2 protein chains.
Amino acid sequence: MELAEAKQRFIEAWGKLGSEWGINRTMAQVHALLLISPEALTTEQVMEQLQISRGNANMTLRDLINWGLIEKQHRSGERKEYFFAEKDVWTIARQVAKERKRRELEPVLKLLTQLQEVEGDAQDPEYTTFKKSVTDINKLAGNVDSTLETMLKAEENWFFGSIFKLFK
Amino acid sequence: MELAEAKQRFIEAWGKLGSEWGINRTMAQVHALLLISPEALTTEQVMEQLQISRGNANMTLRDLINWGLIEKQHRSGERKEYFFAEKDVWTIARQVAKERKRRELEPVLKLLTQLQEVEGDAQDPEYTTFKKSVTDINKLAGNVDSTLETMLKAEENWFFGSIFKLFK
DNA sequence: TCAAACTTTCAATATTTATTGAAAGATATT
DNA sequence: AATATCTTTCAATAAATATTGAAAGTTTGA
């Protein structure tokens with residue numbers, strides 16, 4: 001396979017995977033493009049390569065900065081901004097985990113904890129079933145949360161290495 | 001908080017969480033409804049409670065069956081079908097992990113492995129950067145895949161318990 | 001101060017995704 | 001075999017989400 005085709009395929013696959021997991025397709029594609037690019041790119045270059053509008057490129061690049069996945073670079077003597085992606089995959093994974101935990105997992109955990117306190121008749125199956133489901137989910141979500149917390153602090157080799165040793 | 005309100009909030013939160021993670025909001029809501037319901041429900045009841053159309057209810061219930069999250073029940077003397085959700089949260093988590101692994105992770109893993117074999121000039125930064133990124137992602141994805149595989153076979157207490165013992 | 005170079009905004013538009021509901025398809029009952 | 005009960009399908013429609021591009025905003029340097 002040609003490098004050019006491989007790049008294309010990678011960008012498309014990354015976009016598809018992103019959209020399947022609730023991440024804007026274009027954002028995932030821009031990230032993919034920068035990830036495989038040895039040099040920082042300008043907005044112009046991103047627009048050109050992915051055939052997207054200026055507005056779209058601008059918003060998407062800003063979002064990626066907010067996710068902590070890319071950064072702006074400036075070059076002396078130039079006014080243009082360049083964008084460069086963090087290349088360490090484990091750092092990227094942690095960053096994504098961190099953001100999604102904060103944006104999506106934590107609010108749900110908070111609500112679940114509230115819902116657990118609903119009052120009711122212990123004889124009423126409607127009540128007991130609700131309470132049990134909510135409590136169980138809350139417990140599991142707490143476990144997931146702790147595991148993510150551990151992941152955020154850990155080195156890749158340590159994290160996976162230790163899990164594997166354990167489960168062999 | 002009233003039970004009725006708590007139920008409502010739970011269903012909404014579950015729907016929102018689902019949609020943030022690429023799962024149809026209605027599907028997540030129907031699942032939530034059945035999860036907190038002590039009895040199996042009919043299509044009619046699901047339509048009524050969530051205010052959705054017959055077609056939508058039917059398709060959604062079928063999808064949930066395909067995800068292995070609910071099952072049909074029949075009652076002697078009745079022609080109506082009843083739907084009942086698996087209530088064990090760890091089983092649900094495993095089921096979701098299994099399906100998403102199969103549907104989304106595995107195809108990407110396959111492609112990454114192909115892309116890793118792209119030929120090129122080892123002096124060309126375009127080539128080396130691409131190759132390194134793809135290889136690194138592939139490695140990480142492989143680790144995730146193995147961990148999920150372990151999770152699929154494990155009991156909840158063992159899985160999380162072991163992780164926690166390790167990371168304390 | 002002006003204008004060139006670049007970035008940001010956002011209302012209009014397009015695309016994608018989800019939902020409806022009526023009709024067709026099953027299946028059991030008389 | 002006709003009818004009643006229930007399920008499934010799918011083209012039309014609606015809703016949600018993403019994208020465009022022109023205009024406004026900002027910064028720099030002549």
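Computed from a predicted model, the values in this text were never measured in an experiment. Lettering follows sequence order; numbering is per chain, from 1.
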Round to the nearest Å and state the distance from [X] atom [atom1] to [N] atom [atom2].
X	N	atom1	atom2	result
A:Q45	C:dC6	CD	P	12 Å
A:M27	D:dT17	CE	P	16 Å
B:H74	D:dC6	NE2	C1'	11 Å
B:L41	D:dC6	CG	P	16 Å
B:R75	C:dA28	CZ	C1'	19 Å
A:M47	C:dC6	CE	P	13 Å
B:K72	C:dA26	NZ	C1'	11 Å
A:K16	D:dA18	NZ	P	17 Å

Touch check for B:E44, heavy atoms < 4.0 angstrom, all strands: base, sugar-phosphate only, or nothing?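 Answer is nothing: B:E44 stays at 4.0 Å or more from every strand.
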Can [X] and [Y] be counted as an ion pair, charged N to O under 4.0 angstrom?
X	Y	answer
B:R54	B:E44	yes
B:E12	B:R9	no
B:R100	B:E104	yes

When you measure from the side chain of A:W21 to the backbone of B:E20, do you find a donor-acceptor pair of N or O atoms at a distance under 3.5 Å?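 No, A:W21 side chain to B:E20 backbone: no donor-acceptor pair under 3.5 Å.
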Would a distance-only check, ignoring hydrogens and angles, find a side-chain to backbone donor-acceptor pair under 3.5 Å from A:K131 to A:Q116?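 It does hold such a pair.
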Per-pair distances, 0.1 Å, donor-acceptor, side chain in residues 70-80 of chain A, under 3.5 Å, sequence neighbours excluded:
| residue | atom | partner | partner atom | Å |
| --- | --- | --- | --- | --- |
| A:K72 | NZ | A:E81 | OE2 | 3.1 |
| A:E78 | OE1 | A:Y82 | OH | 2.9 |
| A:E78 | OE2 | A:Y82 | OH | 3.3 |

Around atom NZ of B:K16, are there more than 12 heavy atoms of other residues, nucleotides or ligands at under 6.0 Å?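 Atom NZ in B:K16 is not crowded, with 12 or fewer foreign heavy atoms closer than 6.0 Å.
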Please check if atom CD in B:E39 has more than 12 non-hydrogen atoms from other residues, nucleotides or ligands closer than 6.0 Å.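 Open.
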Could you go through nucleotides 24-30 of chain D and list every protein N or O atom that sits under 3.5 Å from one of its N or O atoms, giving the distance for each pair?
| residue | atom | partner | partner atom | Å |
| --- | --- | --- | --- | --- |
| D:dT27 | O2 | A:R79 | NH1 | 3.3 |
| D:dT27 | O2 | A:R79 | NH2 | 2.6 |

Quiz item: cation-pi between A:R103 and A:W67, 6.0 Å / 45°: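 Yes, cation above the ring, under 6.0 Å and within 45°.
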Please enumerate all protein N or O atoms sitting under 3.5 Å from an N or O of nucleotides 9-18 of chain C, with distances to 0.1 Å.
| residue | atom | partner | partner atom | Å |
| --- | --- | --- | --- | --- |
| C:dT9 | OP2 | A:R62 | NH2 | 2.0 |

